[in-house]
Protein chains: 2
Amino acid sequence: MSRKRLSRDDSREQTTQRLLDAAQKLIAKKGLDAASVENIAAAAGYTRGAFYSNFNSKDDLFIELLRRDHEKATAELNALRGDPSLPVDHVQSRARDIYGQMYRDNESFMIWTEARMLAVRDARFRAKLNALMTEKRAQIADFIRYFYERVGVAPAVPPEQLAMGFMSLAEGVKLYMMSSPAEMTGPIAESLLTVFVDSIMRLARLEADSTRRD
Amino acid sequence: MSRKRLSRDDSREQTTQRLLDAAQKLIAKKGLDAASVENIAAAAGYTRGAFYSNFNSKDDLFIELLRRDHEKATAELNALRGDPSLPVDHVQSRARDIYGQMYRDNESFMIWTEARMLAVRDARFRAKLNALMTEKRAQIADFIRYFYERVGVAPAVPPEQLAMGFMSLAEGVKLYMMSSPAEMTGPIAESLLTVFVDSIMRLARLEADSTRRD
DNA sequence: GTATCAGGATACGTATATGTATCTGAATAC
DNA sequence: GTATTCAGATACATATACGTATCCTGATAC
């Protein structure tokens with residue numbers, strides 16, 4: 001193994017990322033409270049000194065972690081959107097895509113749920129988190145608007161609200177799945193998501209038809 | 001304030017309940033990890049000695065707390081069910097009832113969400129929690145079955161699964177509401193719940209009609 | 001009324017947390 | 001090559017956690 005020579009900046013950036021990686025794993029695994037600064041630093045191969053040299057506090061690292069994850073997710077969502085080969089009108093499969101992408105892995109999901117819990121309790125943190133959440137919601141709402149246009153129906157419920165509903169269901173289902181995996185299996189989870197989306201879309205279509213007929 | 005004379009058993013029972021009350025408040029407010037045994041005992045007006053005299057550990061108290069809350073909820077749900085004056089076929093209002101009852105207050109909701117998070121991480125605890133969750137789900141499923149019967153439609157999705165969907169949505173919405181109260185307002189939350197329930201029921205009805213026509 | 005018993009307080013031992021202050025060695029500047 | 005600077009290690013000062021072992025005091029038994 002060849003020891004690379006790194007510039008100061010590169011080295012610093014590397015430790016920052018390693019600390020974030022370690023934090024993601026540990027916070028997902030043990031929870032935000034239980035994951036100590038010491039644990040995180042050690043898991044990344046450093047000491048607390050390195051931690052405090054790169055972050056002001058655990059909260060500081062945490063919000064940074066969420067930001068990083070959010071940016072990753074945004075990039076993936078945009079990629080999904082940009083892909084013109086997918087049949088846009090297959091609403092269910094698209095819903096599955098977004099759902100699958102929303103919490104790409106369990107770690108990602110867990111840190112966001114931890115974040116929500118913290119936000120409930122800490123007003124300062126809540127403000128920071130909500131800035132990210134609002135972006136997320138806007139992205140999903142855009143997708144929904146797009147669907148409606150494609151299907152040619154006016155949404156009965158504002159897309160922003162439907163986005164919140166979709167996100168809520170997705171999060172609820174995912175948490176159910178992780179805490180009761182025996183009951184909320186993968187297929188059931190997907191089925192519930194699609195039933196939700198499908199029902200609303202088909203109902204909208206049916207009503208549009210009947211209105212047209214009047 | 002007259003100092004009551006209590007028997008040993010009554011006194012013990014009283015401290016147990018006071019400890020549980022204090023724990024509920026504190027765990028909801030600060031989280032399971034942050035709520036220390038010391039804090040809980042002190043808030044209840046006791047010391048750690050009393051705590052360990054009544055519970056084996058924090059986990060032990062926590063599961064007891066959940067059990068107590070679950071029993072309270074069950075009683076209320078049964079009361080709701082037993083009331084024959086309510087128009088059963090108003091599905092939305094019934095859904096609202098159940099939703100409102102599911103997490104009667106924020107404290108109750110928070111401890112259950114804490115429980116889910118712990119269950120994800122601790123297999124032993126998960127087993128205990130799931131025993132309670134299964135009961136909860138069965139109760140909701142019964143309600144759903146009842147609705148379907150009343151409406152006279154065969155459920156396209158098994159009631160057990162719909163129950164899970166309903167619970168997931170309710171929990172997701174509630175968590176959204178508590179972490180982003182500015183966006184997920186009360187009315188929007190209720191609207192989302194009813195849209196979900198309503199869409200599925202109406203769709204089922206519409207399809208039953210069209211099938212009948214074939 | 002005296003002996004017993006146990007609920008709950010106090011004390012103890014140990015582990016681990018956060019954050020700051022100081023030190024050190026390797027990367028930069030000149 | 002020497003001086004400087006700063007990323008990260010070490011040391012320090014506090015605080016707080018859990019759980020057990022012991023003690024005290026008021027309720028029970030007789």
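Within every chain, numbering begins at 1; the chains are lettered A, B, ... in the order of the sequence lines, protein sequences first and strands thereafter.
Under the 3.5 Å distance criterion, with hydrogens and angles disregarded, no donor-acceptor pair is assigned to the side chains of B:Glu171 and B:Thr113.
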(Q) Under the criterion side chain to side chain donor-acceptor pair (under 3.5 Å), I'd like the reasoning laid out for B:Gln139 against B:Thr74: C-alpha separation, chi angles, the key distance, then a yes or no. (A) CA-CA 8 Å; B:Gln139 290 169 359; B:Thr74 298; 3.2 Å; yes

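Evaluation of the side-chain hydrogen bond (donor to acceptor under 3.5 Å, both in side chains) rule for A:Asp21 yields A:Arg68 as partners, not counting sequence neighbours.
Atom CZ of B:Arg18 and atom C1' of C:dG8 are 13 Å apart (whole Å). Between B:Tyr52 atom OH and D:dA17 atom C1' the separation is 9 Å, expressed in whole Å. The interatomic distance linking B:Asp60 (CG) with D:dC18 (C1') rounds to 15 Å, in whole Å. Distance, A:Asp59 CG to C:dG19 P: 9 Å, rounded to whole Å. Atom pair A:Arg48:CZ and C:dA21:P shows a separation of 14 Å (rounding to whole Å applied). Between the C1' atom of D:dA17 and the NZ atom of B:Lys30 lies a distance of 12 Å, rounded to the nearest Å. Residue A:Glu38 contributes atom CD, which lies 13 Å from atom P of D:dA11 at whole-angstrom precision. In this structure, B:Asp9 atom CG and C:dC5 atom C1' are separated by 13 Å, rounded to whole Å.
Residues A:Phe196 and B:Phe196 bring their aromatic ring centres within 6.0 Å.
Nucleic acid contact for B:Asp10: none, since no nucleic acid atom lies under 4.0 Å from a heavy atom of the residue.
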Q) Which nucleotides of nucleotides 3-8 of chain D have their base under 4.0 Å from a protein heavy atom (B), which only their sugar-phosphate (S), and which neither (-), written as one string 5' to 3'? A) --BBSB

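Expressed to the nearest 0.5 Å, how far CZ of B:Phe166 lies from CG of A:Leu192 amounts to 13.0 Å.
Closest approach to the B:Ser36 side chain among C:dT18, C:dA17, D:dC18 is made by D:dC18 (side chain taken as heavy atoms from C-beta onward).
A cation-pi contact, defined as under 6.0 Å to the ring centre and within 45° of the axis, is absent between B:Lys174 and B:Trp112.
The two atoms that bring B:Ala44 and B:Leu19 nearest to each other are CB-CD2, 3.8 Å, heavy atoms only.
The phosphate of C:dT16 has neither OP1 nor OP2 within less than 4.0 Å of any side-chain N or O from A:Asn39. The side chain of A:Asn56 contributes no N or O atom lying less than 4.0 Å from OP1 or OP2 of C:dG19.
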